[in-house]
Every structure is written in structure tokens, then in C-alpha cells.
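Read through the structure below, which is laid out as C-alpha cells, and then see the notes.
Chain identifiers are assigned alphabetically (A, B, ...) following the order of the sequence lines, protein sequences preceding nucleic acid strands; residue numbering begins at 1 within each chain. No hydrogens, no waters, no symmetry mates; every other heavy atom, side chains included, goes into these values.
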2 protein chains.
Amino acid sequence: MLKPEKISKRQLILAEAAKLFKDRGYSGTSMRDLAGQVGMEAASMYNHIKAKDEILASICFRISDLYISQLGEISATAASYGDKIKALIRLHIRLMVEDGPAVSVANHDWKYLPEPKLGEFKQARKTYEKGFAALIEAGIAAGEFQPVNVSVALFTILSAVRWIELWYRPGRELSAEELEANIITVLLHGLERK
Amino acid sequence: MLKPEKISKRQLILAEAAKLFKDRGYSGTSMRDLAGQVGMEAASMYNHIKAKDEILASICFRISDLYISQLGEISATAASYGDKIKALIRLHIRLMVEDGPAVSVANHDWKYLPEPKLGEFKQARKTYEKGFAALIEAGIAAGEFQPVNVSVALFTILSAVRWIELWYRPGRELSAEELEANIITVLLHGLERK
DNA sequence: CCTACCGATCGGTAGG
DNA sequence: CCTACCGATCGGTAGG
């Protein structure tokens, strides 16, 4: 028999955990902090989750799975490399706006995963980075992009979109669409006027 | 009477703390971890520092003071706005390579500062960001830069240089000079070939 | 889902 | 700079 209540309680714990981990870090968040946010005693949470690090793993891998599957879809389209990069930038911004705390945890707190989860996550991240880098490399080979160092281009783009969660507040002054357009301008066309 | 030994012991504690905070986070690093790294008992460190959070504050404000004073010097030169931005990018890369762990702590662990230090640090960061933004704004007004949203340009540049410490290993494949040149190309000229 | 509790570890102090 | 120790809090379990 399915227990929909148990599933949603677990989701609630994961969602509140993402918010707390984002604000105070994984080590800085106690199971009692989290229990208070969820509205139960710390001991009761163990009916829904196995351990503190299982919460962390669940958040991190949900996000990395999402990114990897989306990258696959975007890579498989017939668009130009410039348009594929733009689609990836939009993907990052959209996920950041819709799922901010979890994205933040996957970006910063993954290092507290215990082995072997830590190794698996690093592997997943490397898979994503390699797929992204392959698009940049192909764009250079096709003459679409400048012949820059691929790692520098990759991490400049990734860092620009990852840092959004640290300063961007939706609605205030800049809409998500304007944010996308401006980041694409800076990264693809450059700050300097030609 | 000056006690040069005490001063250098304190510096040693601060240097080792920066490395541990970078790797495990502030909350994830215990005073016993740190004491082990320094080569003394946890209790003995209190002869050199007042409290754990005083270590954090010392690291964070040393870095923020450095950035603010350097920004002032660069702003005061007669260079073009493009050259001023380039000089700031080089400053960030140089400090990252020379003082990586401390820069990393100032970028990530400042949020664990207790009040009123937390407010002071946020203020210092805002001062730096406003000075940087003023250069971008002036560059746009002078027709040197494209009319992009200033916040987007500012944080795209800042994030690109801050993220370097998470992936760049000096010497391997890419020298610091090549790194500088490539980042400047992507950020100022854009990835797409014109 | 709660009460009661475990052993371990935390930042920090007393006293020498 | 060390030994010895403090009260608080940690992640987690037993038992209901």
C-alpha cells in the first residue's frame, strides 16, 4: 500500500533542509534545527530519513541528475553551438529561480558527502562539465567561437550562472528574462563595445 | 617588549585555519582539528587567539581591507575603464594564487561571523562592490562598454574570478598569465567570434 | 511521532 | 603550553 503522506513528509524535510543548509551550511545545521523547522522532534525525523547525510545526498543527486539529463537533451538538438550555450545558460537561471536552495546545496555542500557518495557526485559533476566543454570545443572548431582556452570559457560561464543565487532577487529591478539577456550579452558578446 | 615568537605563532594558527576552513568549512572545523594541524593542544591556542570566531574575523577582514585599498589605487589611475577592469581582474587572480585559502574563506565563510562583525563585513563588501560598479557605470557612460545592466556585469566578473579557486591549479596546463588573458578575452570581448 | 537517553564531541576555562 | 575539566549540544537509538 502506498503511503502518500509519508512521501510528502519526506519531501517537506528535504525542502526545509535545503533552505537551512543553504543559509547555515550542512555542518552548521543540526537535526534539531531542521526538526524545529519541519514541526516535529529530531528523533521523529528518522521515520522519514535514514541519516543526516542521506538528506544531503538526496538533494545533491536530484540536482545533478536534472542537469545531466537536460544537458543531454540540449546537446542532441540541431541548434547552433551559440544557441546551445544560450539554452544551457537559461537552464541554469531557470533552475536557480525555481529550485534555488537545492541548487545552492548541490553547489556548495556536496563536499560534506561521505564516501562513496562523494566520489559518485564528483563523477557526475565531471560528466556534466565534460559535456558542456564538448559544446564549447565544437563551437570553436566550427569557427563560431573565439579560440579561447576551453576550461576558462567553461568555468567562467558556470561561475557566472552559479553565483546568481548569491545576489539575484527575482522581481526587484531585473526580471529573469532581463537577467538571461544581460548575462548572455556579457558572456557571448563581451563587455567592451566593438 | 615585543614578542616576535607570539606574533608568528598567531600567524601560523591563522594560516592553518584558513586552509582547514576552506576544506571543511568553519562549522566543520573544530578547535581540536586546528590545534592538531598547528601542533599544540586545543586549550593552548587560547594564548594566541581569543575565540574561534576571532580567527574567522581576522582572516575575513585582512582580505576585505586588501581588496578595498587596491580598488582605491586602481580607481585613482588615469587608465581607461577597460584597463581598470583588467587591472582588477588581475588583482583577483593574483590574490587567489598567492593567498588562496584566505580568499576562499572571505568568500564563503564570512556568513558565520557573529554580529556586529557580520554587519561590518557586509558593509565592507558593499563598499567594494559599489566602487567596482562605479567603474563599469563610468565605462558605459564614456561609450567604452556596452549598455548592459551594471549589476549583471559586476557579478558576472566577480563570480568568474572568485570561482577560479575551485578549479584552477597553478602550473598545470595553464599559467597565471594565460589564465588572466583568457578570462579577460571571454569577459571583455565575449565568447562569440564577431 | 514522542520521551528518554546514549556516547561523542563541541568551544572554552581554571590552574598551574 | 599542558592536564583536567565544564556545560552544552551533537547525530542517533530504544521502546513505546
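- Rounded to an integer number of Å, the gap from L34(B) CG to dC1(D) P is 13 Å.
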*asked:* Quick one, D99(B) with R62(B), criterion salt bridge (charged side-chain N to carboxylate O under 4.0 Å, His left out). Give me CA distance, side-chain angles, the key distance, then yes/no.
replied: CA-CA 11 Å; D99(B) 218 346; R62(B) 180 171 67 77; 2.8 Å; yes
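- Here the P atom of nucleotide dC10(D) and the OH atom of Y112(A) are 16 Å apart, to the nearest Å.
- Using cut-offs of 30° and 60° for the angle between ring planes, the F121(A) and F61(A) rings count as perpendicular.
- Across the protein-nucleic acid pair, K9(B) atom NZ and dC2(D) atom P stand 9 Å apart, rounded to whole Å.
- Relative ring orientation between F155(A) and W167(B) is described as parallel, the plane-to-plane angle staying below 30° on a 0-90° scale split at 30° and 60°.
- Residue M40(B) has its side chain nearest to dC1(D) when only dG11(D), dC10(C), dC1(D) are considered.
- Using a 4.0 Å heavy-atom cutoff across all strands shown, A51(A) reaches sugar-phosphate atoms only and no base atom.
- In this structure, the nucleotide among dC10(C), dC1(C), dG12(D) sitting nearest to the side chain of N47(A) is dC1(C).
- For an aromatic pair to be called close, the ring centres must be under 6.0 Å apart, and Y128(B) with H92(B) satisfies this.
- Separating the CZ atom of R24(B) from the P atom of dT9(C) is a distance of 14 Å, rounded to the nearest angstrom.
- Closest to the side chain of D53(B), out of dG11(D), dT13(C), dG12(C), is dG12(C).
- Taking every side-chain heavy atom of S30(A) into account, dC10(D) is the closest of dC10(C), dC2(D), dC10(D).
- Pair check for dA4(C) finds dT13(D); Watson-Crick or G-U wobble, both atom distances under 3.5 Å.
- When rounded to the nearest whole Å, the span between OH of Y46(B) and P of dG15(C) equals 18 Å.
- Taking atom CG of D33(B) as the reference point, atom C1' of dC10(C) lies 11 Å away to the nearest angstrom.
- Comparing atom distances between the A43(B) side chain and each of dC10(C), dT13(C), dC1(C) picks out dT13(C) as nearest.
- Under a 4.0 Å N-O distance rule, the pair K117(B)/D53(B) does not qualify as a salt bridge.
- For the pair M45(B) CE and dG11(C) P, the interatomic distance rounds to 9 Å; values are reported in whole Å.
- Listed nucleotides dC2(D), dG12(C), dT3(C) differ in distance to E41(A); the shortest reach to its side chain belongs to dT3(C).
- Note on S27(B): nothing from the nucleic acid sits closer than 4.0 angstrom, heavy atoms only.
- Of the listed nucleotides (dC1(C), dT13(C), dT13(D)), dC1(C) has the atom at the smallest distance from the side chain of S44(A).
- As rounded to whole Å, 12 Å separates atom C1' of dT13(D) from atom CZ of R32(A).
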